[in-house]
Each structure stands twice: as C-alpha cells, then as structure tokens.
Amino acid sequence: MSITSIKTGATGISAALDNNFMEPIVTTLLTTSTATVTFSAIPQGYKHLQIRWLARDNYASDASDAIIRFNSDSSSSYTWHQIVGDGSSATSYASTSQTSMRAGIVAGSTAGTNVFAVTVLDLLDYANTFKNKTVRNLAGYDKNGAGQVALNSGSWMNTGAITQIDISPRVGTTFSQYSRFSLYGIRG
Amino acid sequence: MAKTATYALITSQTLGSATSTLTLDSIPATYTDLKLVISATASSTAHHIFFRLNSDSSSNYSWTNVGGDGSTPGSSRLSTQPEGRLTYAAAVRTGAPTQVEANFMDYANTTTYKTVISRNGRASDGVEATVNLWRKTPEAINSIYLFTTGPSFAAGSTFELYGIEAGNAA
C-alpha cells in the first residue's frame with residue numbers, strides 16, 4: 001500500500017503522519033448583527049469537523065445557548081444532553097425528538113461589555129453515511145460574579161453526510177458584531 | 001489560497017527538575033486561538049494549577065467550574081481574583097498525572113476580554129470543566145505564567161502550547 005503525503009507529496013509509510021492534521025476551512029467574523037451563521041458546501045474529505053466560536057447575541061440576559069441544524073433539516077431528528085455549572089450547582093438537561101440541537105453557549109446583552117461566550121464543538125464522522133451523527137461540545141462564559149460552563153452532547157438521527165451547518169441563537173434573534181465562528185476539518 | 005494545516009506547536013517543555021512556576025512567553029500573535037496541553041504530577045504535596053496572563057497580577061480574573069468526583073457533581077466560582085485557575089476538583093498529585101486542555105480563545109484580539117475554556121481530569125480524583133475570564137483592558141496575550149501555591153510540579157511534567165489559526169473569511 002502506498003501512502004502519499006497531503007502536505008509534501010512524498011510517498012512512504014512515514015507520510016501517514018503528514019495526513020493526520022487539522023485544517024482551517026473557513027471563518028465567519030460578524031461585522032454586523034446576523035440571525036444565522038451558515039457553513040455550506042462543506043468539503044467531504046475530512047474525518048471529523050470542529051467548530052470554534054466566540055459569540056454574543058441580543059438576548060436580554062447574561063447567556064443562552066445556540067441551536068444547530070444540519071442540511072437544512074428541521075424535522076424532529078435531534079436529541080441532546082447537557083451538564084451545566086453556574087457556580088453554585090451542577091444541573092443536567094436533556095431533550096429528544098427536537099427540530100434542532102441545542103449546543104454551546106452564547107453570551108447575552110447583559111453579560112457585560114467585551115464578554116463573549118466560547119464554544120469548542122466536535123462533529124465526529126460527519127461524512128459517514130452509515131451512522132447517525134454525534135456532536136459534543138465544551139462551552140462557557142464568565143462575567144466576574146456570574147457565569148456558566150457546560151458539556152453537551154447531541155445526535156442528529158440521520159445517516160446523511162453533513163454538507164451544511166446552520167447556527168442560530170436559541171432565544172435571541174441575532175448574533176452580535178465581533179462574534180466569530182471558525183470551521184476546521186480534521187484528517188485522519 | 002485556502003490555508004493548510006494548523007494546530008502548530010509553539011513550545012513544548014518537559015521539566016527536568018521539580019518547579020512551582022513555568023512561563024510560556026514570546027507568544028506570537030499570528031494565530032487565532034491557543035491550546036495549552038498539560039500532563040503533570042506533583043513532586044510531593046497535592047496542588048492546583050493557576051495562571052496569569054501578560055504578568056498581570058491584578059484582580060482581573062474570575063472563573064466558573066463544573067465537575068464530578070465519582071459520587072457528587074458540583075459547581076463553584078470565584079470572582080475578582082489575582083489569578084486564573086485550571087484545576088479545582090481534580091488536583092495535581094503524585095502518581096497518576098492530571099491532564100489539562102485549555103483553550104485561550106481569540107487570544108490576540110484587542111476588542112474583547114479573554115475567555116479560557118478548559119477541561120481536565122485525573123483518575124481517582126475527578127473530571128471537570130472550567131471557564132476563566134481575564135478582564136484587563138483588551139490586549140493580546142503574549143505570555144502565560146503557570147504556577148502553584150507552593151508545592152512543585154514533578155520532573156517529567158509536560159506543557160505544550162499550540163497555535164490554531166482560523167480559516168479565511170467566508
């Protein structure tokens with residue numbers, strides 16, 4: 001079996017190490033309020049995807065979460081679980097057969113100036129047409145006296161390869177200026 | 001042109017002897033996020049891992065944490081602190097290492113306060129996630145000072161800092 005390095009074009013067994021890396025695909029940096037961030041025409045050549053975001057929205061509270069849909073599917077195909085800490089207690093939530101997946105954390109308009117929530121979200125085996133799709137994320141925000149940190153997992157009960165991801169505020173109506181959403185492909 | 005591989009190693013340090021402090025400095029501003037990966041044991045007494053950014057020791061740090069110790073989930077918080085914190089439920093001890101992954105998001109921007117999201121765990125101690133906020137007037141992070149409150153990291157503890165560059169604008 002011949003292995004060719006994606007990075008250098010060299011061949012050989014050692015080239016296999018060159019083919020396991022994380023590649024930036026695209027970034028959306030909001031210059032104005034935006035209702036939905038969409039990653040479309042997602043290349044199918046990776047093993048997994050990762051989304052890293054720094055986000056704030058217009059919800060009149062400290063924070064909420066985002067909702068995610070795949071391939072414009074708004075049928076009741078999503079499930080999710082979450083454990084979240086607010087500084088005094090840890091609480092767990094779950095929901096099944098939803099029309100979108102709750103994920104991550106988004107800081108709201110009362111979180112304080114310059115405070116954005118962050119999320120690192122992994123989408124595993126996104127192009128595999130034999131599996132339903134699994135998502136996990138780590139997210140949080142802190143505003144010095146209040147905050148939340150959460151671990152989420154979710155599933156899209158659909159074996160279709162993911163070609164589009166739509167991310168929207170769950171409670172607010174628009175993401176705020178300076179929010180950033182970055183999509184990465186992980187080769188393996 | 002589309003960007004190619006990221007997740008670049010900026011620095012890797014393996015302790016040759018026990019120490020209670022470690023500085024990762026001269027961090028280039030050319031990436032979007034930083035990721036710090038720690039695998040550490042204690043030389044003797046159990047301790048926790050704290051950090052300061054850009055030598056800032058003013059009360060500009062706060063954090064919120066959630067974790068489980070095998071029997072009880074819990075959440076804690078501290079505000080207006082002179083340092084950030086990466087471990088709370090799962091301490092650094094002798095024997096099995098404590099593993100920490102910390103993401104310093106948008107570390108080079110001068111628009112937002114800096115948020116650090118991390119997860120860590122240690123067998124027989126617990127597993128947890130922590131979010132830290134650094135509220136100094138927004139500036140790019142160019143150094144990370146890691147320290148304990150006295151006890152030392154053991155020789156052999158490893159600290160790796162990676163830079164993750166975001167893709168081109170859509």
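Throughout, a chain's letter reflects where its sequence line sits, starting with A, and its residues are numbered from 1.
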Are side-chain heavy atoms of B:Glu128 and A:Val149 found at a separation under 4.5 Å?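 Side chain of B:Glu128 against side chain of A:Val149, heavy atoms only: no contact under 4.5 Å found.
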
Contact check, side chains of B:Ile164 and A:Tyr184, non-hydrogen atoms, under 4.5 Å: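 In short, these two side chains touch, coming nearer than 4.5 Å.
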
Does a salt bridge link A:Arg180 with B:Asp33, judged by any charged N lying under 4.0 Å from a carboxylate O?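 Result for this pair is yes, salt bridge flagged.
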
With rounding to the nearest 0.5 Å, note down the distance linking OH in B:Tyr7 to CD in A:Gln50.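 Separation between the atoms: 7.5 Å.
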
Report the distance from atom CD of A:Glu23 to atom CD of B:Glu165, rounding to the nearest 0.5 Å.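 The CD atom of A:Glu23 sits 11.5 Å away from the CD atom of B:Glu165.
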
Please identify, among B:Ser62, B:Ser75, B:Pro73, the residue contributing the most non-hydrogen atom pairs under 4.5 Å to chain A.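 Max contact count across the listed options: B:Ser75.
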
For chain A, the option from B:Gln81, B:Arg119, B:Met105 that forms the most heavy-atom pairs under 4.5 Å: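 Of the options given, most contacts go to B:Met105.
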
Verdict with reasoning, A:Gln148 to B:Thr64, per side chain to side chain contact (heavy atoms under 4.5 Å, CB included): CA-CA 6 Å; A:Gln148 290 181 338; B:Thr64 302; 5.8 Å; no

Is it the side chain or the backbone of [X] that comes within 4.5 Å of chain B heavy atoms, both, or neither?
X: A:Thr91; answer: neither
X: A:Tyr141; answer: backbone
X: A:Thr27; answer: both
X: A:Leu29; answer: neither
X: A:Ser92; answer: neither

For chain B, which of [options] has the most heavy-atom pairs under 4.5 Å?
options: A:Ser89, A:Ala117, A:Ala150; answer: A:Ser89
options: A:Ser182, A:Ala146, A:Ser88; answer: A:Ala146
options: A:Leu54, A:Asn144, A:Val115, A:Val26; answer: A:Asn144
options: A:Ala139, A:Gly112, A:Gly87; answer: A:Gly87

Could you state whether [X] and [Y] fall into the same hydrophobic cluster, counting links through intermediate Ile, Leu, Val, Met, Phe, Trp or Tyr residues with side-chain heavy atoms under 4.5 angstrom apart?
X: A:Leu123; Y: A:Leu151; answer: no
X: A:Leu183; Y: A:Ile67; answer: no
X: B:Tyr162; Y: B:Ile144; answer: no

Apply the test side-chain hydrogen bond (donor to acceptor under 3.5 Å, both in side chains) to residues B:Asn103 and A:Arg52: give CA-CA distance (whole Å), side-chain angles for both, the deciding distance (0.1 Å), then the verdict. CA-CA 10 Å; B:Asn103 295 273; A:Arg52 304 173 70 90; 2.7 Å; yes

So if I apply the side-chain contact (heavy atoms from CB on, under 4.5 Å) rule between A:Phe116 and each of B:Asp106, B:Asn109, B:Thr112, B:Thr111, which one comes out positive?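 It is B:Thr112; the other options fail the test.
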
So which part of B:Arg135 gets closer than 4.5 Å to some heavy atom of chain A, the side chain, the backbone, both or neither?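 Side chain of B:Arg135 only, per the 4.5 Å heavy-atom cut-off to chain A.
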
Proximal component of B:Thr130, with respect to chain A [non-hydrogen, under 4.5 Å]: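 For B:Thr130, backbone heavy atoms alone lie under 4.5 Å from chain A.
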
List the atom of [X], the atom of [Y], and the distance in Å for their closest heavy-atom pair.
X: A:Gly140; Y: B:Ile117; value: N-CD1, 3.7 Å
X: B:Ala129; Y: A:Leu138; value: CB-CD1, 3.6 Å
X: A:Pro24; Y: B:Thr6; value: CD-CG2, 3.7 Å

